[in-house]
Amino acid sequence: MKRTYIADLKDHVGQEVTIAGWLYNKRSSGKVRFVLVRDGTGICQATAFKPELDPAIFDLCDSLDQETSITVTGVVKAFEKAPGGFELGLKNLAIVGVSKDYPITPKEHGVAFLMENRHLWLRSSRQHAIMRIRHQVIRAVRDFFDDQGFTLIDSPILTANACEGTSTLFETEYFGEKAYLSQSGQLYNEAAAMAFGKVYCFGPTFRAEKSKTRRHLTEFWMVEPEVAFMDLEEDMDLAEAFIEFVVQRVLSRCAPELKVIERDVTKLANVKRPFPRLRYSDAMTFLAEKKAEFAKSDDEELRKLSADILKNGPGDDLGAADETAIGMSHDRPVMVHRYPAAVKAFYMKNDPADPNFALCVDVIAPEGVGEIIGGGQREEDLSVLEGKIAQHGLSGDAFKWYNDLRRYGSVPHSGFGMGIERMVGWVTGAHHVRETIPFPRMMEKIWP
RNA sequence: UCCCGGAUAGCUCAGUCGGUAGAGCAGCUGGCUGUUAACCAGCGGGCCGGGGGUUCGAGUCCCUCUCCGGGAGCCA
């Protein structure tokens, strides 16, 4: 069947075309029928006038239920008031597959109901727009690294040992031995960087922690660049250039989608280098000031936030309230660097200027999204690394191959990991990351 | 694992002081020649999450279980 996509209607004004899609909605007024069809590329209104049409076809228009798959033939007209700016003067219509009692009506629904119908929810215009933005984010990620000479070296998903030794992993059986679903490709990335210089990996990542917040998924997609001979400062340069590129690319390529989801794009337009860089110790001072400031606020929400700021105490990792306070106080992402070494992973290199702190960075997005990037400079000295592995109570045997990277021509190197869903969540303003992945996997939720 | 909130029609919700169950949308029937989540009139639709208790009487109060949502910790 020769068919025309709704996105291409602008090239067919005055011509008769056939659109193949699904009934999005229909409206009527006396002897007029408006049949709204979506085909994945857009929504188009086909208009039927009773006196000008075969009565059987006109009646067929009335019989259509939401999401019935149909083909519609007619002449394309430019019509400003129609969704998309074009309409079809309906000449013929055929049902491909009926749809009875489609659960998602064009009205409000609750999250639990929509999640149970995720396989159908994806047809809704808001979800459709978010997935198209996700696609462009992923394209931008690949283009950014590809254009800068990075080589894509994907890391394994099945691994024999826990990478960082701390997180809860999904365990599976591998020919009689225990195996785990990867929680990061980083260790393998380091090996790849010693072979290719500049590398990145991009794939699914798994975390079995019983986390239940709008920022968490048990299965999410992470992109991780790793570069040999790169230090922390250059790592931060890379991270901010990367974020700027991705955000600006979405702004330039996804204007229609951003409009559908009613995203305030002025906030994204601000996302230009340089981003503020804040030492952990300075972040502590900043947070103490914010805590005092918010405590005196008239806004009850801010007073509540104030109570939770610096809850973790000095020397600890930042809490959720701390990230929120930092994020909301800036109009672009903030890079917090040099956290206390004690709270960071074993592979982080200590700051030679003060070994109590690690050469690491977290990028905190504005608008309450929280951390979108975590990274840093890796420890390249074999004996120091072995000491850290022992200190963290990890098995030396498990890291034999990893230590080889320090044994054979070790070099300073750095990298970071960015969660695609959090990035998409920030760019789209989605309330929960579950809307930014087609089929979210969450605590006790693996269906559909 | 912990803290908070919730469960009433297919969906989203209301339900006063404890007194026999309501609306909008969806569905069905009809009306309207330009609709924009169209509108107007009419009709059908209920194990009030499960169990127990208090009471003459429980959707409503108490206990408990189940499920769902939000958050904390942890993280991207």
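First the proteins, then the strands, lettered A, B, ... as listed; each starts at 1. Worth knowing before you read on, the calculation uses all heavy atoms, side chains too, and leaves out hydrogens, waters and symmetry mates.
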* Is the Phe58(A)-Phe49(A) ring centre distance short of 6.0 angstrom? ->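 Centroid distance Phe58(A)-Phe49(A): not below 6.0 Å, so no.
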Rounded distance in Å between the [atom1] positions of [N] and [M]:
| N | M | atom1 | result |
| --- | --- | --- | --- |
| U60(B) | C48(B) | C1' | 10 Å |
| G59(B) | U54(B) | P | 16 Å |
| C68(B) | G50(B) | C1' | 15 Å |
| C62(B) | C4(B) | P | 15 Å |
| G46(B) | A14(B) | C1' | 15 Å |
| C74(B) | A58(B) | C1' | 44 Å |
| C65(B) | C3(B) | P | 12 Å |
| U29(B) | C11(B) | P | 22 Å |

To the nearest Å, give me how far apart [atom1] ([X]) and [atom2] ([N]) are.
| X | N | atom1 | atom2 | answer |
| --- | --- | --- | --- | --- |
| Arg214(A) | G71(B) | CZ | C1' | 10 Å |
| Asp317(A) | C74(B) | CG | P | 7 Å |
| Leu53(A) | U33(B) | CG | P | 16 Å |
| Lys100(A) | C28(B) | NZ | C1' | 9 Å |
| Glu323(A) | A76(B) | CD | P | 10 Å |
| His216(A) | G73(B) | NE2 | P | 9 Å |
| Met115(A) | G6(B) | CE | P | 23 Å |
| Glu116(A) | C67(B) | CD | P | 13 Å |

How is [X] classified with respect to the nucleic acid when contacts are heavy atoms under 4.0 Å: base, sugar-phosphate, or nothing?
| X | answer |
| --- | --- |
| Phe416(A) | nothing |
| Lys311(A) | sugar-phosphate |
| Ile373(A) | sugar-phosphate |
| Asn25(A) | sugar-phosphate |
| Gln45(A) | base |
| Pro51(A) | base |
| Gly370(A) | nothing |
| His432(A) | sugar-phosphate |
| Ser28(A) | base |

With the side chain of [X] defined as its heavy atoms from C-beta on, choose the nearest nucleotide among [options].
| X | options | result |
| --- | --- | --- |
| Met222(A) | U33(B), A76(B), G73(B) | A76(B) |
| Phe113(A) | C32(B), A76(B), C11(B) | C11(B) |
| Asp65(A) | U35(B), C28(B), C74(B) | C28(B) |
| Lys31(A) | U1(B), G34(B), U33(B) | U33(B) |
| Thr47(A) | C74(B), G34(B), U1(B) | G34(B) |

* What closest approach, in Å, do Arg249(A) and Asp143(A) show between heavy atoms, and which atom pair accounts for it? ->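 Taking every non-hydrogen atom into account, NH2-OD2, 2.9 Å.
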Would you indicate, yes or no, if [N] has its OP1 or OP2 atom less than 4.0 angstrom from a side-chain nitrogen or oxygen of [X]?
| X | N | result |
| --- | --- | --- |
| Arg27(A) | U33(B) | no |
| Arg215(A) | G70(B) | no |
| Arg207(A) | C74(B) | no |

* Close side-chain approach of Ile326(A) and Val336(A), heavy atoms under 4.5 Å ->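 Yes; the side chains approach each other to less than 4.5 Å.
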* May I ask you to decide if the ring planes of Phe113(A) and His109(A) are parallel, tilted or perpendicular, using 30° and 60° as cut-offs? =>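 Because their plane-to-plane angle is under 30°, the rings of Phe113(A) and His109(A) count as parallel.
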* Do the ring planes of His330(A) and Phe286(A) sit parallel (below 30°), tilted (30 to 60°) or perpendicular (above 60°)? ->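 Ring orientation of His330(A) relative to Phe286(A): tilted.
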* Asked: Within the stacking criterion (centroid distance below 5.5 Å, interplanar angle below 30°), does Phe34(A) stack on G34(B)?
  -> no
Verify the distance criterion only: is there a donor paired with an acceptor across the side chains of [X] and [Y] at less than 3.5 Å?
| X | Y | value |
| --- | --- | --- |
| Glu234(A) | Ser414(A) | no |
| Gln377(A) | His413(A) | no |
| Asp146(A) | Tyr200(A) | yes |

* Is the cationic atom of Lys388(A) (NZ for Lys, CZ for Arg) positioned less than 6.0 Å from the six-membered ring centroid of Phe346(A) and within 45 degrees of its normal? -> no
Side-chain donor or acceptor of [X] under 3.5 Å from a matching atom on the base of [N]?
| X | N | answer |
| --- | --- | --- |
| His109(A) | C11(B) | no |
| Thr105(A) | G10(B) | no |
| Glu87(A) | G34(B) | yes |

* Structure fact -> Read 5' to 3' with Watson-Crick or G-U pairs under 3.5 Å, [ ] for crossing pairs and | for partners on another strand, RNA chain B gives (((((((..((((.....[..)))).(((((.......))))).....(((((..]....))))))))))))....
* Name the residue closer to the 5' end of RNA chain B, choosing between Asp362(A) and Asp101(A) according to the nucleotide with the nearest heavy atom. =>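 Looking at RNA chain B, the more 5' nearest nucleotide goes with Asp101(A).
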* **side-chain contact (heavy atoms from CB on, under 4.5 Å) between Leu278(A) and His337(A), worked out** => CA-CA 6 Å; Leu278(A) 205 56; His337(A) 58 92; 5.6 Å; no
* Stepwise, does the side-chain contact (heavy atoms from CB on, under 4.5 Å) test hold for Val361(A) with Phe416(A)? -> CA-CA 8 Å; Val361(A) 60; Phe416(A) 60 80; 5.7 Å; no
